[in-house]
There are 2 protein chains.
Amino acid sequence: MNTAKKDQTKHKVTSRDVAERAGVSRSAVSRSFTPGAYVSETIRKKVHIAAKDLGYLPNALARSLIGGGSSLVALIIGPMASPHDSLLIEAVTCKLAELGKRVLLVPVPATRVADDSLLEALSYQVEAAVVFAGTVGQQAAERCTRIGTRLILFGRVVDVPDTCCIIYDNVAAAQAAGRYLLRSGHRKIAYIGTRHNAFSDRERHAGLSHVLHEAGLEIHAFEKGDYGHDSGYQAALKMLGSMDPPDAIFSSNDGMALGAIDAARALGIRIPNDLAVIGIDNNPMGDWAAYRLTSWGLPADDIAKVIADEIIHKTAPENNDGDTDVDATANHPRTIRLPLTLTLRETTRRMTS
Amino acid sequence: MNTAKKDQTKHKVTSRDVAERAGVSRSAVSRSFTPGAYVSETIRKKVHIAAKDLGYLPNALARSLIGGGSSLVALIIGPMASPHDSLLIEAVTCKLAELGKRVLLVPVPATRVADDSLLEALSYQVEAAVVFAGTVGQQAAERCTRIGTRLILFGRVVDVPDTCCIIYDNVAAAQAAGRYLLRSGHRKIAYIGTRHNAFSDRERHAGLSHVLHEAGLEIHAFEKGDYGHDSGYQAALKMLGSMDPPDAIFSSNDGMALGAIDAARALGIRIPNDLAVIGIDNNPMGDWAAYRLTSWGLPADDIAKVIADEIIHKTAPENNDGDTDVDATANHPRTIRLPLTLTLRETTRRMTS
DNA sequence: GTGAAAGCGCTAACAT
DNA sequence: ATGTTAGCGCTTTCAC
C-alpha cells in the first residue's frame with residue numbers, strides 16, 4: 001500500500017517525484033545530479049536511491065531550456081555517395097560523444113540547399129552545426145552567427161564572419177598529384193570531377209590544370225560523375241574508349257577512382273602500365289587487394305578531431321588564461337585547409353626519373 | 001531610433017519579442033506558428049512579418065516540454081564496418097525527416113553495450129529508439145516501454161513486451177543459399193561469420209548448417225570476421241590455403257564476401273568455376289564490375305520504410321476506429337522477419353541440374 | 001547545506 | 001478570434 005510504489009506504473013517520473021520520495025526539495029534533487037554542487041553526501045545518496053527506485057532520468061530538454069546549453073550539434077548530411085562520408089560522420093559522432101555532445105542528424109533535401117535543414121537544426125537549439133552537404137546561403141549563415149551557433153562548413157566555403165570552413169588543401173593535393181604523374185612520364189592526364197559543381201571539385205580541377213599548364217599541357221579529358229563508383233566507371237569508359245585515351249586519371253574521389261579501375265579492366269587496359277589512377281580521400285576501400293589505389297587523403301579521425309576542436313573552441317566558456325587566447329574570436333582562422341598526404345599503392349608506377 | 005531594430009543585434013529572440021513587435025499576445029504568436037489554429041489571417045500575417053524581421057524561430061525544445069512530443073528518434077549505432085549500415089541509417093534518417101521526425105545519433109561505446117546510449121537518448125525524450133548496434137539488456141528495454149518510448153531493435157532480439165525486433169529472415173535466406181549451392185553441385189561449403197556472436201550471424205550459421213545436414217553434409221569450414229573487407233580476405237585466405245579447400249563460400253555479409261573474392265584472386269582461384277561466393281545485404285558494392293557478387297538482401301529504402309512504419313504506428317495517436325485496432329499493443333508483432341531476395345550475379349555458376 | 005520562488009520559451013485551458 | 005493564466009521539468013538566485 002506504499003503510495004510511492006504506485007508511481008512505478010506509468011506516468012513520466014519527474015524531479016518532483018524523486019524529491020517527494022527522498023523527502024527533500026526539488027532543488028536538492030537538481031543539485032544531486034549536478035557534478036559540482038553544494039549537497040551533503042547524505043542527501044545526494046538518498047536522492048540517488050530514490051531516483052534509481054523510480055527510474056528517474058533528468059530531462060535534458062528541460063535542462064537545456066534553462067540555459068546550460070543543449071549539448072546538441074547538428075550534422076547536415078546528404079546522400080552518402082562516398083563511403084568516406086559515412087566514415088567521417090561516424091568519426092565525428094564518436095568524437096563529439098566523448099566531449100559530451102549529442103548529434104542531431106539532419107538530411108539535406110534533394111534541392112541540395114542546406115538552409116532549411118540548418119533552420120530546422122537551429123530550432124533545436126544546437127550549439128553548432130556542421131555542414132557536410134548542400135550549399136548554405138549568406139542569410140542562413142549569418143543567422144547562425146547572430147544567435148551564437150557555431151557554423152562549420154566542411155568541403156565548402158561561405159564568406160561569413162565567424163563561420164569556419166574546413167576543406168582539404170585541394171589545390172596543393174591536385175598539384176602534387178599532377179606533378180607526380182608528370183614526373184612518372186604521363187602526358188595525357190585526365191580528370192574525373194563531379195556534376196555538382198562543388199567547391200572542392202573546382203579547386204582540384206584548377207590545381208591540376210595549373211600544374212599541367214606549367215608543363216605546357218592541358219587536362220587531357222574531363223568527365224563528371226556523382227562520386228559514386230558507377231559514375232567513375234562510366235566516365236572512364238568514355239575516356240578510355242576515345243580515339244586518344246588518357247594514360248593517367250586523377251579522380252576527385254576514391255569511389256570514382258575505383259570505378260575507373262574497373263572500367264580499365266573491362267577494356268583490357270593494364271594498371272599501372274597503360275594507365276595510372278589516383279584518387280582522393282584515401283578511403284579504406286582503396287587498400288583492398290583488388291584495387292590498391294594510390295590516393296591523397298587524411299584519416300577520418302584526424303578530420304573529426306579538427307572539427308570537434310572547432311566546435312569546442314567556441315562552445316566552451318572562454319578560458320581566461322589571458323595570454324594568447326584573448327579575443328580568440330577575431331583572429332580565429334576563417335578557413336582551415338587540411339593538408340593531404342599521399343598513400344602510394346599500386347595504381348601508379350614508380351617514377352621514371 | 002526604432003527600439004525594435006535594437007534587438008537585431010544579439011539576444012535570443014523569443015515569442016515575446018515577436019508578440020511585442022507585432023502588437024499581439026504571445027499566444028497569438030504561438031497560434032500563428034501552429035498549422036490548424038484559430039487565428040485571423042490579419043494577425044498571422046502581422047506575426048509572420050515581425051518574426052521574419054526579428055529572425056524568430058520557435059524553440060523546438062521548449063515546445064517539446066509542453067507535451068507535443070519531441071519529434072526526436074534516436075539511432076543507436078556502432079562502428080559502420082559495413083557500408084550497408086551507413087546506407088541504412090541514411091535511408092532511415094531521410095524517411096523520418098519526411099515524417100517530421102528528427103534523428104539523434106548515438107554511438108555505442110566499445111563495450112558494445114547499448115544500454116547507456118539508450119538512457120542517454122531517453123534523457124532527450126526521444127519518441128523512439130532504433131538500435132543498430134550493441135546489446136540491450138532487459139532492464140533498459142523495459143524502461144523504454146515504461147515511459148512509452150518505442151524501442152526497435154534491428155538485427156538483434158530481446159524478448160520484452162512492446163519491443164519490436166526487426167531482423168532479416170536469416171534462416172530462410174541461409175537455407176536457400178545453401179540449397180542453391182548444393183543444387184549447383186557444390187559439396188564443400190564454407191561459412192564466414194563474425195566474432196561478435198551476433199544474433200543474426202548465429203541464425204545464418206544455423207540455417208546453412210541445417211540444410212547441409214539434410215544433404216548429409218556439414219559446414220566445410222568456418223571462420224569469423226568483423227564484417228570488414230579485410231577480415232573476409234583473411235578468412236578466405238585461411239580456408240582456401242588449407243589442404244582441403246571449400247568450393248563455395250557463404251559470407252555473413254557482402255563486405256567480407258568481397259574480401260573473399262579478392263583472396264581467391266590472390267590465390268589464382270577462379271570464380272565461379274573453382275569457387276562460388278554468396279553474400280548477404282546485396283550492397284551496391286556487390287554490383288561493381290570487379291565483383292558482381294551474388295547476394296541475398298533487401299533494399300535499404302524498404303528496410304527504412306518498415307522501421308519508420310513501426311515508429312509511427314506507435315507514436316501516432318491511437319486511431320479509435322474501435323474495431324481491429326483495439327489493444328493494438330498486445331497483438332502488435334513482436335518480431336518482424338524481413339524476407340530477403342536473391343540477386344544472382346556472377347560469383348555463382350548456373351545450376352547444373 | 002537547504003528550501004522557496006522565479007523563470008527558461010512555449011502552449012493549452014480558460015475567459016472574454 | 002484574442003488575451004490572460006497556468007504550468008511543462010528543470011535550475012538558480014536568494015534567503016535561511
Side-chain angles (χ1 to χ4, degrees), chain A residues 7 11-48 50-51 54-72 122-127 147-149 317, chain B residues 7 11-48 50-51 54-72 122-127 147-149 317:
Chain A
D7 282 334
H11 220 53
K12 213 155 266 181
V13 29
T14 84
S15 87
R16 194 198 313 283
D17 301 319
V18 178
E20 233 164 61
R21 176 178 247 258
V24 297
S25 73
R26 295 168 66 214
S27 332
V29 175
S30 170
R31 286 193 265 258
S32 300
F33 278 94
T34 308
Y38 283 148
V39 218
S40 64
E41 265 310 304
T42 333
I43 286 203
R44 169 165 266 143
K45 209 151 274 175
K46 267 202 294 186
V47 167
H48 273 145
L54 260 31
Y56 169 73
L57 214 53
N59 182 331
L61 266 31
R63 188 176 273 196
S64 318
L65 201 50
I66 279 301
S70 65
S71 295
L72 252 26
L122 290 184
S123 81
Y124 276 87
Q125 313 301 109
V126 296
E127 297 178 352
I147 64 180
T149 293
Chain B
D7 282 337
H11 222 53
K12 211 154 266 179
V13 28
T14 83
S15 86
R16 193 195 317 280
D17 301 319
V18 178
E20 233 164 62
R21 177 179 246 259
V24 298
S25 74
R26 296 168 65 216
S27 336
V29 175
S30 171
R31 286 192 266 257
S32 301
F33 278 94
T34 308
Y38 285 148
V39 218
S40 64
E41 263 313 302
T42 333
I43 286 202
R44 169 164 268 141
K45 208 151 276 174
K46 267 201 296 187
V47 166
H48 273 145
L54 260 30
Y56 169 74
L57 213 54
N59 182 331
L61 265 32
R63 189 178 271 197
S64 318
L65 202 52
I66 278 301
S70 65
S71 295
L72 251 27
L122 290 184
S123 81
Y124 276 88
Q125 314 303 110
V126 297
E127 298 177 351
I147 64 179
T149 292

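Ser32(A) contributes no side-chain N or O that, together with a main-chain N or O of Val47(A), makes up a donor-acceptor pair within less than 3.5 Å. Using a distance-only test at 3.5 Å, with no hydrogens or angles considered, no donor-acceptor pair links the side chain of Gln125(B) to the main chain of Ala60(A). Distance alone, capped at 3.5 Å, is enough to place a donor-acceptor pair between the Arg44(A) side chain and the Arg31(A) backbone. Remark: side-chain polar atoms of Thr149(B) are paired, donor with acceptor, to backbone N or O of Val126(B) under 3.5 angstrom.
Between its two ends, the helix from dG1(C)-dC16(D) to dT16(C)-dA1(D) turns its axis by 40°, counting five pairs per end and rounding to 10 degrees.
The side-chain heavy atoms of Tyr124(B) and Ser71(A), taken from C-beta on, include a pair separated by under 4.5 Å. Counting heavy atoms from C-beta on, the side chains of Arg63(A) and Phe33(A) come closer than 4.5 Å.
Heavy atoms only, all atoms of each residue included: Asn59(A) and Leu65(B) are closest at ND2-CD1, 3.9 Å. Contact detail for Ser70(A) and Leu61(B): the closest heavy-atom pair is CB-CD2, 4.0 Å. Across Val13(A) and Gly55(A), no two heavy atoms sit closer than the pair CG1-O, 3.6 Å. When all heavy atoms of Ser15(B) and Arg26(B) are compared, the pair lying nearest together is OG-NE, 3.6 Å.
Near-neighbour residues of DNA chain D inside residues 35-44 of chain B, defined by a heavy atom below 4.0 Å, number-ordered: Tyr38(B), Val39(B), Ser40(B), Ile43(B).
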Pairs: protein N or O with nucleotides 8-11 of chain C N or O, under 3.5 Å:
| unit_1 | atom_1 | unit_2 | atom_2 | d |
| --- | --- | --- | --- | --- |
| dC10(C) | OP1 | Tyr56(B) | OH | 2.6 |
| dC10(C) | OP1 | Asn59(B) | N | 3.2 |
| dC10(C) | OP2 | Ser15(B) | N | 2.4 |
| dC10(C) | OP2 | Ser15(B) | OG | 3.3 |
| dC10(C) | N4 | Arg26(B) | NH1 | 3.0 |
| dC10(C) | N4 | Arg26(B) | NH2 | 2.8 |
| dT11(C) | OP1 | Arg63(B) | NE | 2.5 |
| dT11(C) | OP1 | Arg63(B) | NH2 | 2.9 |
| dT11(C) | OP2 | Ser30(B) | OG | 2.8 |
| dT11(C) | O5' | Ser30(B) | OG | 3.3 |

